[in-house]
Amino acid sequence: MSRNASKLAFSRAQRVMPGGVNSPARAFGGVGGEPIFIQQAEGPWLVDIDGNRYLDYIGSWGPMILGHGHPAVVAALEAAIRRGTSYGAPTMQETELAELIIEAVPSVEKVRLVNSGTEATMSAIRLARGYTGRPIVIKFAGNYHGHVDSLLVAAGSSAATLGVPNSPGVTEGTARDTLVLPYNDPTALEDAFARVGDCVAGVIFEPVVGNMGCVVPSEAFRFALRDLTARYGALLICDEVMTGFRVAYRGAQSLWGMKPDLTTLGKVIGGGLPVGAYGGAAKIMDYILPAGKVFQAGTLSGNPLATSAGIATLKVLRDSDAYSQLERSSSRLAEGLVEAAQAAEIPHTLARVGSMMTLFFNPEPVTDWVTAARSDTPRYAKYFWGMLDRGVYLPCSQFEALFVSTAHSDEQIESTIAAAAETFGSL
Ligand SMILES: *Cc1c(COP(=O)(O)O)cnc(C)c1O
């Protein structure tokens, strides 16, 4: 498989962009080597500029739950583009997308649309501080909430891959108002609230972590999150940018029976275009300008192309059997990967919720950042390249989840398992 065109493209890109990319997760830093440049995508396939085809298991890191170029999304975009690409004035599509979100997620009564997941979490944090009048935000090690200054402390995703738990440029003053605790540790959370509970504006968490690989919260941890925030008058902020409309139509909070105060969304709700959202109880959301005094704005927020793609995506998800299909194909993929790893006697543990999963090269259960970090990352790198050579595009880091789309056929899932069996045999 030749990747000469990508090699040339990367050296050209490196001359004009830092590291040759516009987001570090794309740079293959977690597995070594150079990224491949994509020419186009169709259904479950990515095609690179050398003409190689790959089964895509990153789906733009989550958004492409229907695969690439779904006819309903393409039609919605084609119609929208003829009506103009941005007005800076209200549209019906914004209300329609908001209504779809509110209908799906019962804890959300009002919602504000923004342009990315980062903007959603940044704004939710500002709102939590504005609403409570308190400074401290609690987050968990290995959880990633976008590149918000105050949340770039012990962050997962490419921050974990690159080993930059604290980014230069984030001041001590900013970091001081963020308290980082271990995930899945109710006692640590209780101790923190006992110490500084009266100063805590909110607790932000991933309801299924995707950004240190897939990690599932325990029942005790979930209970402590809701119980302690309610008791101390802090807001519980459920970051569903990755999980919303992914693990279930109603989000991970519906799987856990949780009712957070604020929810952040992104990825799937934009259907592959830049969208984020944050929402919650009306009495909290009405603190946002112009209803209230907490400032938040956006020139392109609620953009007509992005909302059209989002509406089309959510309607297909709502009106089809997408989630039962995703559950079937994802559970088969998980089962096949585990069987293949067992056959090759490779120590592993697999975590999965719906169509997001991670095969950790780690014999122990992974429950937090400390256990995730014990994974055999050099072995993951070999696995990644072995799969790429066999036409399967996996996340380029042990600490990212893979995503299955509705475009992946049973046959493609089986060929992926066969490729993994072959690759494991060579590790
Ligand atoms: C991707 C992600 C974000 C950031 O979203 P961007 O659109 O990349 O800014 C925030 N939180 C979680 C849980 C994410 O997975």
Side-chain angles (χ1 to χ4, degrees), residues 21-27 58-65 105 112-126 128 137 139-162 167 178 183 202-217 225 236-248 251-253 256 258 260 262-279 296 298 300-303 306 309-310 313 353-358 369 372 395-397 399-403:
V21 292
N22 282 311
S23 189
R26 298 172 196 172
I58 65 167
S60 187
W61 302 99
M64 311 314 297
I65 193 167
V105 188
R112 172 60 66 84
L113 300 180
V114 293
N115 302 292
S116 68
T118 295
E119 266 188 73
T121 59
M122 178 185 75
S123 310
I125 295 286
R126 184 182 304 141
V137 168
K139 80 170 287 273
F140 299 99
N143 284 205
Y144 178 68
H145 305 292
H147 61 96
V148 180
D149 276 5
S150 64
L151 299 176
L152 266 185
V153 182
S157 191
S158 32
T161 297
L162 298 173
S167 166
T178 307
Y183 197 75
V203 177
I204 187 166
F205 74 107
E206 288 187 68
V208 173
V209 189
N211 291 295
M212 54 181 165
C214 184
V215 175
V216 182
L225 282 166
L236 183 61
I237 307 166
C238 189
D239 183 358
E240 298 233 35
V241 170
M242 185 177 282
T243 53
F245 298 91
R246 163 60 67 179
V247 297
Q253 57 191 268
W256 309 143
M258 281 179 104
L262 291 175
T263 296
T264 52
L265 294 162
K267 298 195 169 121
V268 171
I269 65 161
L273 274 84
V275 184
Y278 63 106
Q296 189 268 306
L300 292 174
S301 290
N303 171 270
T313 299
V353 177
S355 56
M356 62 188 269
M357 72 182 84
T358 298
W369 174 242
C396 52
S397 165
F399 306 118
E400 302 277 3
L402 78 74
F403 301 100

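Just so it is clear, the structure is predicted and the values come from calculations on it, not from any experiment. Both counts, for ligands and for their atoms, begin at 1 and track the order of listing.
For ligand 1, the protein residues placed under 4.0 Å by at least one non-hydrogen atom are S116, G117, T118, Y144, H145, G146, E206, N211, D239, V241, M242, K267.
Counting heavy atoms from C-beta on, the side chains of W61 and P395 come closer than 4.5 Å. Side-chain contact between I237 and P260 is absent, with no heavy-atom pair separated by less than 4.5 Å. In this structure, V105 and E240 have side chains that are not in contact, with every pair of non-hydrogen atoms separated by 4.5 Å or more. K267 is not listed as a side-chain neighbour of R246, based on a closest heavy-atom distance of 4.5 Å or more.
Shown here are the side chain to side chain contact (heavy atoms under 4.5 Å, CB included) partners of A27, two or more places apart in sequence or in another chain: V21.
One N or O on the side chain of Y183 and one on the backbone of E206 form a donor-acceptor pair closer than 3.5 Å.
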